[in-house]
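In what follows, residues are counted from 1 in the order of the sequence shown.
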Amino acid sequence: MTSMAPEKKAGTARSLRRVKVDNRRKVLLRRIARQLAREGSDGGNWTFAQFADASQTSRTTLYNYFSSLDGLMAALQQEMLLQVRPVVAIPEGLPSDKRVSVSVDTWLTWVEKNRALVVSTLWEPGADIAQNAIVGSAKDTLTREVIAVHLGVEEPGRELVYAVRNYVGAAQEALRGWMVTGDADKEACQQALERLLRDVLALGRSRPDVPSPLPGEDLGR
């Protein structure tokens, strides 16, 4: 039994060496994210050794890429945020109303599969300054992606970001009611998010810094 462990570590080390140097950090994060999803965990109680096991490498190797547990958690949650655009992206050729329902349904399906990570990213845990910064970054990223996908503005000004961020905050509370407090089921959450997204569209139509027509509106409603 003891002779098998070094062979396993050597094998995983070789597999990482086959990955391009620039991609190794991302590969490690994706391995960890997959394991967290399988276990339904956000990693909040994991040790560095557990993260190393999940990344299929040694603690020393993992430490070379992430010099602390806090740094690893921050990088992991930032990696999750990079998935936002593919999740909220909408197939071409859909009219405005259909875009709303498809977008929310796609988002909730992804949220359900990544429940633990989403909860840890969307809700402030307390007085942890670093974690709160990640939460703020998550909300800002979501806000800008909603603006880009649904209002067609890739580089929004501060006023538009502020306005839509308020709606994202309300959407966050709707998700919380479903995923954390149990005040609502998934269907009620979806209806609330669709209403909020339609409010965002109405806001966009009233603003001079948002082009007209909005994405999908030229296809009819």
Side-chain angles (χ1 to χ4, degrees), residues 33 37 76-124 132-181 183-221:
L76 182 62
Q77 290 172 329
Q78 289 295 334
E79 173 65 21
M80 190 190 76
L81 293 179
L82 295 178
Q83 302 178 41
V84 168
R85 174 152 292 197
V87 172
V88 301
I90 302 172
E92 295 291 333
L94 292 180
S96 181
D97 279 356
K98 187 65 174 177
R99 286 170 61 86
V100 168
S101 59
V102 167
S103 177
V104 172
D105 183 66
T106 302
W107 171 248
L108 288 184
T109 298
W110 183 85
V111 161
E112 203 164 22
K113 291 179 180 178
N114 296 272
R115 187 185 192 97
L117 284 175
V118 170
V119 169
S120 69
T121 304
L122 287 181
W123 289 285
E124 301 178 11
N132 289 346
I134 294 171
V135 171
S137 176
K139 187 179 289 186
D140 185 66
T141 299
L142 285 169
T143 298
R144 292 177 180 274
E145 290 305 316
V146 167
I147 292 172
V149 171
H150 291 283
L151 301 185
V153 181
E154 291 287 347
E155 297 182 3
R158 290 196 324 179
E159 289 186 2
L160 181 58
V161 170
Y162 175 76
V164 175
R165 187 183 173 95
N166 290 331
Y167 288 101
V168 171
Q172 176 182 335
E173 287 305 308
L175 278 172
R176 181 180 177 85
W178 168 44
M179 302 185 73
V180 178
T181 65
D183 294 332
D185 58 18
K186 182 179 178 181
E187 182 179 358
C189 180
Q190 173 146 354
Q191 291 173 355
L193 294 183
E194 288 185 13
R195 286 195 298 270
L196 287 166
L197 190 47
R198 290 190 178 95
D199 287 344
V200 169
L201 298 181
L203 171 74
R205 295 185 195 104
S206 70
R207 295 186 61 93
D209 52 349
V210 175
S212 180
L214 298 179
E217 286 193 334
D218 55 341
L219 299 172
R221 299 176 59 197

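Note that CG of Leu142 and CD of Gln172 are 9.0 Å apart. Values are rounded to the nearest 0.5 Å. Atom CG of Leu203 sits about 10.0 Å away from atom CG of Leu214, to the nearest 0.5 Å. Note that the CZ atom of Arg158 and the CZ atom of Arg165 stand 13.0 Å from one another [nearest 0.5 Å].
Proximity of Glu194 to Ser101: side-chain heavy atoms (C-beta onward) are separated by under 4.5 Å at one or more points.
Among residues two or more places apart in sequence or in another chain, the side chain to side chain donor-acceptor pair (under 3.5 Å) test is passed with Lys98 by none. Among residues two or more places apart in sequence or in another chain, the side-chain contact (heavy atoms from CB on, under 4.5 Å) test is passed with Thr181 by Arg176, Asp183. The side-chain contact (heavy atoms from CB on, under 4.5 Å) check on Asp105 picks up Thr109, Gln190, with sequence neighbours excluded. The side-chain contact (heavy atoms from CB on, under 4.5 Å) check on Ala188 picks up Ala184, Asp185, with sequence neighbours excluded. Taking the side chain to side chain donor-acceptor pair (under 3.5 Å) definition, one finds that Gln191 meets it with nothing, sequence neighbours left out. Qualifying side-chain contact (heavy atoms from CB on, under 4.5 Å) partners for Asp209, counting only residues two or more places apart in sequence or in other chains: Leu160, Arg207.
Here the closest non-hydrogen pair linking Gly204 and Leu151 is CA-CD2, 4.0 Å. The minimum heavy-atom distance between Ala192 and Ala174, with the atom names listed, is CB-CB, 4.1 Å. Taking each heavy atom of Trp178 and Glu112 in turn, the nearest pair found is CZ2-OE2, 3.8 Å. Of all the heavy atoms in Ile147 and Pro156, the pair that sits closest is CG2-CB, 3.9 Å. Contact between His150 and Ser103 at its shortest, heavy atoms only, is NE2-OG, 3.2 Å.
The side chain to side chain contact (heavy atoms under 4.5 Å, CB included) test with Trp107 singles out one residue from Leu175, Leu197, Val146, and that residue is Leu175.
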### Task
Apply salt bridge (Lys or Arg N to Asp or Glu O under 4.0 Å) to Arg144 and Asp140, showing your working.
CA-CA 6 Å; Arg144 292 177 180 274; Asp140 185 66; 3.2 Å; yes

